[in-house]
Amino acid sequence: MHSKTVSFVIDAALKVMRTSKLGFGVSWWNVLYTTVRTHVAFVSIASFHLVRYYFMLSLIFGLFYLSFAAFGFTILRLAALCDYCLKKPALSLPLFAWHYITIPSSTRHINSVFLQVA
């Protein structure tokens, strides 16, 4: 097993032991589900931050080192996919990702014509 999988299972097991010690009757599946949601939320927030502040920098460095460009597009895909799944717009994912890059986050709610919920 990978070390990330092992640490995820250990995290979930510790949460199960902690909740059972406190007397909460929480099942293993509920704890596993909340652990997965926590990790996905962290990845979503971290990728959004990286896209917002470091995407163009990673593309500029990507002209010289390909791994920076790959990193930039990977975090863009993660952030856009998370927002796409949450907002469920009437756009295709590539078009949504384009608007995700080009529309500043402070004006996304103003330009909601493009991001209307289906």
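- Distance check, rounded to the nearest 0.5 Å: OH of Tyr33 to OG1 of Thr38 gives 10.5 Å.
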Check: residues 65-79 side-chain donor-acceptor pairs under 3.5 Å, at least two apart:
| from | atom 1 | to | atom 2 | distance (Å) |
| --- | --- | --- | --- | --- |
| Thr74 | OG1 | Ala70 | O | 2.7 |

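- Judged by distance alone, the side chain of Ser44 and the main-chain N or O of Val40 form no donor-acceptor pair under 3.5 Å.
- Across every non-hydrogen atom of Leu32 and Ala12, the tightest pair is CD1-CB, 4.2 Å.
- Within the 3.5 Å criterion, the main-chain N or O of Leu91 finds a donor-acceptor partner in the side chain of Tyr84.
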May I have the step-by-step check of side-chain contact (heavy atoms from CB on, under 4.5 Å) for Thr35 and His39, ending in yes or no?
CA-CA 6 Å; Thr35 306; His39 287 268; 3.6 Å; yes
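- Residues in residues 14-29 take part in these salt bridge (Lys or Arg N to Asp or Glu O under 4.0 Å) pairs, two or more places apart or across chains: Asp11-Lys15.
- Leu93 and Leu86 are assigned to two separate hydrophobic clusters, defined by single-linkage of ILVMFWY side chains at heavy-atom distances under 4.5 Å.
- Contact between Ser20 and Met17 at its shortest, heavy atoms only, is OG-O, 3.0 Å.
- Expressed to the nearest 0.5 Å, how far OH of Tyr53 lies from OG of Ser58 amounts to 15.5 Å.
- Tyr54 and Ile45 fall into different hydrophobic clusters, where Ile, Leu, Val, Met, Phe, Trp and Tyr are joined by side-chain heavy atoms under 4.5 Å apart, directly or via other members.
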